[in-house]
Amino acid sequence: MAWYFIVDTYIDENRGRGEYNAYITAVKPIVESYGGEYLVRTENISVFCGDRKPQRVIVIRFDTKENLDRCFSSPEYRAIMQKRANSVDSRAIVAEGLG
């Protein structure tokens with residue numbers, strides 16, 4: 001059963017992106033080394049309804065929940081996660097897929 005890591009990111013215009021661009025560059029090879037496949041990674045977003053207006057959306061598919069968990073608890077990821085946390089407001093969820 002596939003698992004999806006879904007993130008929406010809010011960038012504070014007054015603070016800027018900080019180290020977020022460095023995080024974006026560093027995280028992709030880490031995710032891919034744990035079998036993650038980027039399905040969506042974009043700042044080209046249209047808001048369908050409501051007040052939720054992220055500036056960036058990421059959807060990553062993993063074959064198993066174990067691979068997803070191993071990725072985001074890995075030493076490699078922990079070494080860079082503060083670059084994101086200190087720069088932008090990111091909200092992540094994990095969802096099980098249908099097939």
Side-chain angles (χ1 to χ4, degrees):
M1 188 68 57
W3 284 81
Y4 296 86
F5 185 83
I6 305 162
V7 180
D8 51 33
T9 301
Y10 302 83
I11 302 164
D12 184 335
E13 292 179 18
N14 297 321
R15 285 179 46 201
R17 295 171 75 98
E19 294 183 285
Y20 187 57
N21 288 339
Y23 169 83
I24 291 169
T25 300
V27 73
K28 188 174 186 284
I30 296 169
V31 166
E32 290 174 344
S33 75
Y34 286 90
E37 175 188 2
Y38 282 88
L39 302 179
V40 176
R41 193 177 189 202
T42 187
E43 293 180 13
N44 186 9
I45 300 162
S46 297
V47 177
F48 187 66
C49 61
D51 293 331
R52 187 174 178 173
K53 298 175 185 173
Q55 284 89 8
R56 185 169 175 82
V57 174
I58 300 101
V59 178
I60 306 168
R61 181 189 183 281
F62 287 86
D63 287 337
T64 67
K65 177 86 164 41
E66 292 75 22
N67 286 349
L68 185 154
D69 291 341
R70 285 181 32 234
C71 175
F72 293 106
S73 65
S74 70
E76 301 91 349
Y77 183 76
R78 287 195 314 265
I80 66 163
M81 64 189 261
Q82 285 306 113
K83 292 180 185 298
R84 176 198 44 79
N86 293 337
S87 301
V88 298
D89 176 10
S90 294
R91 300 170 190 186
I93 62 169
V94 174
E96 183 177 23
L98 296 175

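By convention here, the first residue in the shown sequence is residue 1.
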ask   = Can you tell if the side chain of Ile24 reaches within under 4.5 Å of the side chain of Arg41, non-hydrogen atoms only?
value = yes
query = Is any side-chain heavy atom of Gln55 less than 4.5 Å from a side-chain heavy atom of Val57?
reply = no
ask   = Are any side-chain N or O atoms of Arg56 and backbone N or O atoms of Ile11, one a donor and one an acceptor, separated by less than 3.5 Å?
value = no
request  = Could you check Trp3 against Arg61 for side chain to side chain contact (heavy atoms under 4.5 Å, CB included), going step by step and ending with a plain yes or no?
outcome  = CA-CA 6 Å; Trp3 284 81; Arg61 181 189 183 281; over 6 Å; no
ask   = Which atom names give the shortest non-hydrogen contact between Arg15 and Val88, and what distance separates them?
value = NH2-N, 4.3 Å
query = Any Lys/Arg nitrogen of Glu43 or Arg17 sitting under 4.0 Å from an Asp/Glu carboxylate oxygen of the other?
reply = yes
task = Decide yes or no on side chain to side chain contact (heavy atoms under 4.5 Å, CB included) for Val31 and Lys28, but give the supporting numbers first.
result = CA-CA 5 Å; Val31 166; Lys28 188 174 186 284; 5.9 Å; no
inquiry  = Rounded to the nearest 0.5 Å, what separates atom OH in Tyr34 from atom CG in Asn67?
reply    = 9.5 Å
message = Could you check whether any side-chain heavy atom of Cys71 comes within less than 4.5 Å of a side-chain heavy atom of Phe62, counting everything from C-beta outward?
response = yes
key: Heavy-atom pair of closest approach, residues Glu19 and Ser87   = N-OG, 2.8 Å
Smallest separation among heavy atoms of Thr42 and Ile45, with atom names = O-CD1, 3.9 Å
note = Closest heavy-atom pair, Tyr10 versus Arg52, reported as atoms and distance to 0.1 Å, is OH-CG, 3.2 Å
inquiry  = Does any part of the side chain of Ser90, heavy atoms only, come nearer than 4.5 Å to the side chain of Thr9, both counted from C-beta?
reply    = yes
query = Do Lys83 and Tyr20 have side chains that get closer than 4.5 Å, going by heavy atoms?
reply = no
message = When you compare the side chain of Phe5 with that of Phe72, does any pair of heavy atoms fall below 4.5 Å?
response = yes
